[in-house]
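To start, the structure under review is shown below, and the notes come after it.
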There are 2 protein chains.
Amino acid sequence: MDSSADSTPKKTKGKLTAERIMNAAEVLFASKGYKGTSLREIAQAAHIQQPGIYKHFDSKRDLYSSVLDRGLSPMIEAMRERTTNSDSASGYAALWEKITDLLAEHPSMASLFQQALHAGGDDDNLLIHDWLQRLFTQGQNTITALGIDENMEPEEQAIHLIATFNLVTGYFLSQQIYDTLATGKLTDPDNIARQKKLMRRIATALQDT
Amino acid sequence: MDSSADSTPKKTKGKLTAERIMNAAEVLFASKGYKGTSLREIAQAAHIQQPGIYKHFDSKRDLYSSVLDRGLSPMIEAMRERTTNSDSASGYAALWEKITDLLAEHPSMASLFQQALHAGGDDDNLLIHDWLQRLFTQGQNTITALGIDENMEPEEQAIHLIATFNLVTGYFLSQQIYDTLATGKLTDPDNIARQKKLMRRIATALQDT
DNA sequence: ATTTAAAGTTAACGATTGATAACTTTTGCC
DNA sequence: GGCAAAAGTTATCAATCGTTAACTTTAAAT
């Protein structure tokens, strides 16, 4: 299928279909939630019939999990890099900017992540709990990498983390708020630049203890 | 029913039941989402049988709307007061603190509000769009009341609004993040005080142009 | 070109859901 | 206390949903 055979793995028909399914699922899960999205509408968006989804995924839950995996891995990777290379105070802003860039490419992920976070009392808790551990607790370097003063008491560190997390992800979920005051899209480069500027100002304010 | 007959309206059995239904619905809608919550589980939590809900609400949608109404009205009221009485720069921090206090009493509302905001492409858009108008666009006084520089370009104003909104509401949705670093509840008074302190620092940073 | 495996479709199933109708019980008013 | 209205229950319905099985078509491997 692919002419550059050695540098790119061959993509079978099935793999391409699975990608289409996951792309459709990502957008629909993000906008309508897990329960609010049926496999029939995902299938329709992916141009197959609904039971066909079972050729590629074991269950709806498996599809959801795969979508989350695909979307969160780059974030975990960015976090890991910063944790490993945290060498200066400028690092933390760069991390959140990197995550902002990632989310700008996949704005649905912000919604999916927040949904998964807010699923309380469900059997999803194990899934997202695992992700939280991987995202936020890779040792004390994580705190520094995230731009949080490590001499702070844990409660205050946690609240700083929450604020920063919500600033970054909440931005991508707020098009409707944006529409009340301005025109355009939050994923426009100009707006992304504005958001980054605002984040830098906040980061500076929080860093000055 | 109520012995202080003149100062408090009488609460019929039905009204008390409707309250129970709405209390149950508020918590369940918040944690499981609209589609993920069935009328049967709401009814069970309210100690009635499921079709009994139709004695008090026309539909599931009507119940949802009533829950939103009940929870958002105090916020609109707080907003209106600040808009009317916006007299000093200290006003804007007080507004967000007031909203923080309101949400601390009803943390489910933060989740419900965000859910409604993120419902894209649904017939809910009219509902939340109305609420957004009422929350955020009560004239130019609103911008000042919210602590946003009115000489800023609209795009930047909108992004500041988004940031502030997500700081306030996102806090209440982030217990799972908090749990990765600390113990306790986000609604504990100590943590609320920490959050307010953090918000004041951010507000000051954003105000310094 | 042939064969096998993969991928896709159609039909159907059991479970769940929001809503309705009929009936029963409780409440509130006089 | 009696009566009407309100509130609540039981039973049922049509629709939707995730899933499975059987069948068909296409893709991939040789």
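Letters A, B, ... mirror the listed sequences (proteins, then strands); counts begin at 1. These numbers come from a predicted model, not from an experiment.
For Q49(B) and dA19(C), the CD to P distance is 17 Å, given to the nearest whole Å. Put simply, NZ on K15(A) is 11 Å from P on dA6(C), counting in whole angstrom units. In this entry the distance linking OH of Y64(A) with P of dC17(D) reads 18 Å, nearest Å. The interatomic distance linking L28(B) (CG) with dT17(C) (P) rounds to 12 Å, in whole Å. Atom CD1 of I21(A) and atom P of dT9(C) are 10 Å apart (whole Å). The NZ-P distance, from K11(B) to dG28(C), rounds to 13 Å in whole Å. For the pair K35(B) NZ and dC17(D) P, the computed distance is 6 Å after rounding to whole Å. Counting to the nearest Å, the P atom of dG18(D) and the OH atom of Y34(A) are 8 Å from each other.
Closest approach to the T12(B) side chain among dG28(C), dC17(D), dG8(D) is made by dG28(C) (side chain taken as heavy atoms from C-beta onward). The side chain of P51(B) approaches dA19(C) more closely than any other nucleotide in the set dA11(C), dA19(C), dT27(C). Comparing dA12(C), dG18(C), dT27(C) by their closest approach to the side chain of K13(B) singles out dT27(C). Of all nucleotides listed (dA19(C), dT9(D), dA7(D)), dA19(C) comes nearest to the side chain of R40(B).
Look at H56(A) and you won't find any side-chain N or O under 4.0 angstrom from OP1 or OP2 of dA6(C).
Within the 6.0 Å centre-distance limit, the rings of F113(B) and F165(B) are counted as a close aromatic pair.
The main-chain N or O of L186(A) is found under 3.5 Å from a side-chain atom of Y171(A) such that the two form a donor-acceptor pair.
Residues K185(A) and N191(A) are not in side-chain contact: their nearest non-hydrogen atoms beyond the backbone lie 4.5 Å or more apart.
Projected onto DNA chain C by closest heavy-atom contact, E41(B) and H47(A) fall at different nucleotides, the more 5' of which corresponds to H47(A). Comparing G36(A) and T17(B) by the nucleotide of DNA chain D that holds the closest heavy atom to each, the one mapping nearer the 5' end is T17(B).
Within the model, atoms CZ of R194(A) and CG of D188(A) stand 9.0 Å from one another, a figure rounded to the nearest 0.5 Å. Taken to the nearest 0.5 Å, the CD1 atom of I53(B) stands 4.5 Å off from the CG atom of L39(B). From W96(B), atom CH2 reaches atom CG of L103(B) across 10.0 Å, with rounding to the nearest 0.5 Å.
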**Message:** Does R70(B) form a salt bridge (Lys or Arg N to Asp or Glu O under 4.0 Å) with E19(B)? I'd like the steps, not just the answer.
**Reply:** CA-CA 10 Å; R70(B) 189 180 70 165; E19(B) 289 281 329; 3.4 Å; yes
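Helix-axis bend for the helix from dA1(C)-dT30(D) to dC30(C)-dG1(D): the local axis fitted to the five terminal pairs at one end deviates from that at the other end by 30°, rounded to 10°.
Residue contacts shown for G14(A) are limited to sugar-phosphate atoms, with no base heavy atom under 4.0 Å away. K55(B) comes within contact range of at least one nucleobase, with a heavy-atom separation under 4.0 Å.
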